[in-house]
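In listed order, ligands and their atoms are each counted from 1. Just so it is clear, the structure is predicted and the values come from calculations on it, not from any experiment.
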Amino acid sequence: MSFDGRDLRNALGRFTTGVCLITAVDERQQALAMTANSFTSVSLDPPLVLWSLQNNSDVYHVFARPRYFAINVLAREQQEHSARYARKGQHELDPAHFRSGRYGAPLIRNALASFECELESTHPGGDHLIIVGRVRDMHQRPSGKPLVFYSGGYRELH
Ligand SMILES: Cc1cc2nc3c(=O)[nH]c(=O)nc-3n(C[C@H](O)[C@H](O)[C@H](O)COP(=O)(O)O)c2cc1C
């Protein structure tokens with residue numbers, strides 16, 4: 001291999017993404033969120049999406065197999081949400097930041113879009129677990145700009 005992990009991370013960072021909060025409730029009904037940019041659309045019919053979860057996450061047991069979860073696309077004014085829920089031990093959702101969706105997964109207030117998903121399948125993906133969800137319901141804001149992640153930093157669309 002002619003590259004190391006840092007080279008790979010840098011090159012992958014050249015792919016511009018949005019930023020999401022993945023949300024679910026744990027076995028105590030505590031609402032949790034994790035910042036993620038691995039969200040990808042998979043299929044329109046059936047409506048499938050995916051994200052990938054690092055195997056060594058402290059909250060792997062919650063996010064690896066929830067019956068329902070939500071993918072919330074953050075708006076540019078929600079950068080603080082992204083930073084907060086990316087911190088170790090900081091995944092418990094502030095009650096002011098969400099409401100419960102039809103299937104019980106937390107929906108982030110003022111997100112650009114939220115996809116309420118039922119777990120469809122999981123697939124080993126090296127040091128991550130690929131999680132495929134079937135979209136059961138969705139919500140979107142009529143306007144607003146996205147939070148953008150590029151080359152390891154937050155950006156804005158102009
Ligand atoms: C912009 C951004 C994108 C991220 N994307 C992912 C992701 O797709 N999957 C993932 O497992 N962690 C991702 N993370 C890391 C988690 O948000 C978080 O830092 C990590 O889960 C903290 O460790 P813990 O899970 O052990 O608490 C991302 C972090 C940031 C800041």
Side-chain angles (χ1 to χ4, degrees), residues 4-43 47-98 105-135 138 141 144-158:
D4 63 16
R6 179 177 299 208
D7 296 330
L8 179 60
R9 188 182 278 254
N10 286 344
L12 290 173
R14 295 295 181 149
F15 185 60
T16 305
T17 68
V19 183
C20 299
L21 291 186
I22 313 299
T23 53
V25 293
D26 70 10
E27 64 286 352
R28 299 168 300 138
Q29 296 304 306
Q30 171 65 51
L32 301 180
M34 182 192 289
T35 304
N37 68 343
S38 54
F39 169 57
T40 304
S41 60
V42 174
S43 164
L48 301 176
V49 296
L50 70 74
W51 75 288
S52 45
L53 167 65
Q54 50 192 300
N55 294 338
N56 62 4
S57 168
D58 289 350
V59 282
Y60 181 91
H61 62 290
V62 178
F63 286 99
R65 45 192 124 269
R67 171 132 193 234
Y68 293 102
F69 62 99
I71 296 176
N72 303 269
V73 179
L74 295 182
R76 72 172 173 190
E77 62 274 15
Q78 295 179 311
Q79 185 178 321
E80 186 44 46
H81 280 15
S82 173
R84 172 174 177 158
Y85 296 112
R87 281 183 209 121
K88 255 191 188 302
Q90 293 289 313
H91 299 292
E92 292 197 358
L93 266 165
D94 181 329
H97 292 168
F98 76 99
L107 303 181
I108 300 298
R109 295 186 189 280
N110 300 315
L112 279 190
S114 293
F115 301 92
E116 294 188 59
C117 300
E118 183 168 3
L119 185 64
E120 176 83 4
S121 58
T122 60
H123 310 268
D127 58 11
H128 281 62
L129 180 72
I130 299 163
I131 299 172
V132 179
R134 182 177 288 245
V135 179
M138 49 174 280
R141 260 170 62 176
K145 290 195 169 175
L147 183 60
V148 172
F149 199 71
Y150 172 73
S151 205
Y154 295 105
R155 320 281 163 170
E156 287 185 13
L157 273 188
H158 295 288

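Sorted by first and then second residue, the pairs that involve residues 89-98 and meet side chain to side chain donor-acceptor pair (under 3.5 Å), not counting sequence neighbours, are Tyr85-His97.
Of the N or O atoms in Asn37, one or more lie within a sub-3.5 Å distance of an N or O in ligand 1. On a distance-only criterion, Ser57 and ligand 1 share at least one N/O pair closer than 3.5 Å. Any N or O atom pair closer than 3.5 Å counts here, and Asp58 shares at least one such pair with ligand 1. For the pair Trp51 and ligand 1, the shortest N or O to N or O distance does not fall below 3.5 Å.
At the shortest separation from atom 29 (C) of ligand 1 among protein heavy atoms lies Thr35 O, 4.0 Å. From the protein, the heavy atom lying nearest to atom 9 (N) of ligand 1 is Ser52 O, 2.8 Å.
Between the choices Gln54, Met34, His91, the shortest heavy-atom distance to atom 15 (C) of ligand 1 belongs to Gln54. Selection from Ser38, Ala33, Ala86, Ala83 by nearest heavy atom to atom 18 (C) of ligand 1 gives Ala86.
Taking every heavy atom of Lys88 and a limit of under 4.0 angstrom, the matching atoms of ligand 1 come to 23 (O), 24 (P), 26 (O), 27 (O).
The side chain to side chain contact (heavy atoms under 4.5 Å, CB included) check on Ser41 picks up nothing, with sequence neighbours excluded.
Using a cutoff of 4.0 Å between basic side-chain nitrogens and carboxylate oxygens, Asp4 and Arg6 are not scored as salt-bridged.
Under the side-chain contact (heavy atoms from CB on, under 4.5 Å) test applied with Val73, the options Leu147, Ile108, Leu112 reduce to a single match, Leu112.
Side chain of Gln79 to backbone of Leu74: no donor-acceptor contact under 3.5 angstrom is found.
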side-chain contact (heavy atoms from CB on, under 4.5 Å) evaluation trace for Phe69 with Ile71: CA-CA 7 Å; Phe69 62 99; Ile71 296 176; 3.9 Å; yes
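At a 4.0 Å heavy-atom cut-off, ligand 1 does not touch Ser82 at all.
Considering only heavy atoms from C-beta on, Ile130 stays 4.5 Å or farther from Thr122 through its side chain.
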